[in-house]
Amino acid sequence: YITSEGNRVEVIEYLKKDKARNIRFWRWICGLELESEITQILSQFPIIINSADGSEQFSTADNSYLPDSFFGTMGMQDFIYEYYPQASFISSEYKEVDDHKDWVSFFSKIGVIHDNKNFVFKRIIPNLDSYKNINIVMILSQYTGEISEHINKDQEFKEQLSHLNLLCVD
């Protein structure tokens, strides 16, 4: 049904009208086995996010991050906010009490940034010139293998790395 462009637009509008309906939809979808074609389509569907200012709004998966509440651990949100203060996180309301669905895997499939590595490559490296923090080098050092792979294959990536600010001590 959602593979048709006309139906897709209708469903997107339908999901934006009612928060409770939107939450029920995503809870239902998360429990299904989906083909990659369908998950790509779903990445365009509205998800409730909490903006940096605390407000709730609808957005798409590629504009959001997975909050700590989906991992059961703390720290990812703080790390993201430190380097991207305007970040928006998926609403925790999707996850029910005693929910055993694999939300992390599901949200990853539709494009939500859910781990440090993705955040570093999608947000930090393209904006290296805006960070004056010595910790950036330590963060990048965790991914030297992946960085080495990209550096010779991707000229844009190589250019982005050239914007790393170095600390000089006299």
Side-chain angles (χ1 to χ4, degrees), residues 1-131 139 143 146 150 153-154 156-157 160:
Y1 183 79
I2 63 172
T3 56
S4 161
E5 182 68 33
N7 293 341
R8 192 176 318 141
V9 170
E10 185 179 310
V11 172
I12 287 171
E13 290 306 312
Y14 179 78
L15 292 174
K16 285 181 178 178
K17 289 182 181 177
D18 182 356
K19 177 181 171 180
R21 178 185 303 148
N22 182 285
I23 291 170
R24 284 192 310 273
F25 172 81
W26 287 108
R27 285 177 178 169
W28 171 68
I29 288 291
C30 181
L32 302 176
E33 292 290 325
L34 303 169
E35 298 173 11
S36 64
E37 175 191 355
I38 300 298
T39 56
Q40 287 177 337
I41 291 169
L42 289 170
S43 70
Q44 304 165 19
F45 282 40
I47 295 177
I48 301 166
I49 60 163
N50 296 313
S51 298
D53 66 5
S55 66
E56 270 190 351
Q57 61 189 36
F58 288 107
S59 187
T60 54
D62 61 341
N63 292 321
S64 54
Y65 300 88
L66 206 55
D68 290 341
S69 60
F70 282 92
F71 295 103
T73 59
M74 303 304 279
M76 180 72 174
Q77 275 181 256
D78 291 338
F79 174 70
I80 290 172
Y81 275 136
E82 181 177 349
Y83 295 98
Y84 188 56
Q86 62 271 34
S88 297
F89 290 87
I90 299 290
S91 172
S92 297
E93 292 183 59
Y94 289 110
K95 188 173 181 177
E96 298 175 277
V97 176
D98 295 327
D99 189 344
H100 300 291
K101 293 177 183 164
D102 189 356
W103 285 100
V104 174
S105 175
F106 172 72
F107 279 130
S108 173
K109 289 177 185 174
I110 63 168
V112 174
I113 296 177
H114 68 288
D115 65 16
N116 288 354
K117 178 183 167 189
N118 282 331
F119 180 71
V120 167
F121 279 80
K122 290 182 180 181
R123 217 25 109 187
I124 291 180
I125 292 176
N127 299 295
L128 280 173
D129 57 346
S130 63
Y131 301 115
I139 291 167
Y143 305 104
E146 291 91 340
H150 281 82
K153 297 177 187 175
D154 186 343
E156 182 182 356
F157 183 77
Q160 290 169 343

Contacts of Tyr14 that satisfy ring pair (Phe, Tyr, Trp, His ring centres under 6.0 Å) - sequence neighbours left out: none

Give, for atom CZ of Phe157 and atom NE2 of His150, the distance between the pair rounded to the nearest 0.5 Å. 6.0 Å

To the nearest 0.5 angstrom, please state how far the CD1 atom of Ile90 sits from the NZ atom of Lys95. 13.5 Å

At their closest point, which heavy atom of Ile113 faces which heavy atom of Phe119, and how far apart are they? CG2-N, 3.7 Å

Could you check whether any side-chain heavy atom of Phe106 comes within less than 4.5 Å of a side-chain heavy atom of Phe70, counting everything from C-beta outward? no

Taking every non-hydrogen atom, the tightest pair across Tyr83 and Ile139: OH-CD1, 3.3 Å

Between Lys17 and Arg21 the two heavy atoms that sit nearest each other are CB-NH1, 3.9 Å

Cut-off 3.5 Å, no hydrogens considered: what does the side-chain donor-acceptor table look like for residues 43-51, sequence neighbours left out?
unit_1, atom_1, unit_2, atom_2, d
Ser43, OG, Gln40, O, 2.5
Ser51, OG, Gln57, OE1, 3.4
Ser51, OG, Gln57, NE2, 3.4

Could you pull out all residues at least two apart from Asn63 that satisfy side chain to side chain donor-acceptor pair (under 3.5 Å)? Thr60

For Gln86, does the CD atom have more than 12 heavy-atom neighbours from other residues, nucleotides or ligands under 6.0 Å away? yes

What residues form a side chain to side chain donor-acceptor pair (under 3.5 Å) with Asp99, not counting sequence neighbours? Trp103

Per the salt bridge (Lys or Arg N to Asp or Glu O under 4.0 Å) rule, what does the pair list look like for residues 46-56, sequence neighbours excluded? Lys19-Glu56

Scan for salt bridge (Lys or Arg N to Asp or Glu O under 4.0 Å) pairs involving residues 59-72, sequence neighbours excluded, and state none if there are none. none

With sequence neighbours left out, which residue pairs that include part of residues 104-118 fulfil the side-chain hydrogen bond (donor to acceptor under 3.5 Å, both in side chains) condition? Asp115-Asn118

Show, in sequence, the C-alpha distance, side-chain angles and deciding distance for Glu82 and Asp78, and conclude whether the side-chain contact (heavy atoms from CB on, under 4.5 Å) test is met. CA-CA 6 Å; Glu82 181 177 349; Asp78 291 338; over 6 Å; no

Taking all non-hydrogen atoms of both residues, which atom of Tyr94 and which atom of Ile23 are closest, and how far apart? CE2-CA, 3.6 Å

Show, in sequence, the C-alpha distance, side-chain angles and deciding distance for Ile80 and Met76, and conclude whether the side-chain contact (heavy atoms from CB on, under 4.5 Å) test is met. CA-CA 6 Å; Ile80 290 172; Met76 180 72 174; 3.5 Å; yes

Residues two or more places apart in sequence or in another chain: which of them pass side chain to side chain donor-acceptor pair (under 3.5 Å) with Ser69? Ser92

Is any side-chain heavy atom of Ile12 closer than 4.5 Å to a side-chain heavy atom of Arg8? yes

Distance-only donor-acceptor hits, side chain of residues 121-129, under 3.5 Å, sequence neighbours excluded:
unit_1, atom_1, unit_2, atom_2, d
Arg123, NE, Tyr65, OH, 2.8
Arg123, NH2, Tyr84, OH, 3.4
Asn127, ND2, Arg123, O, 2.6

Check side chain to side chain donor-acceptor pair (under 3.5 Å) between Asp154 and all other residues, then give those that pass, not counting sequence neighbours. none

Any side-chain heavy-atom pair of Phe107 and Ile110 under 4.5 Å: yes

Contacts satisfying salt bridge (Lys or Arg N to Asp or Glu O under 4.0 Å) that involve residues 24-33 (not counting sequence neighbours) are Arg27-Glu96

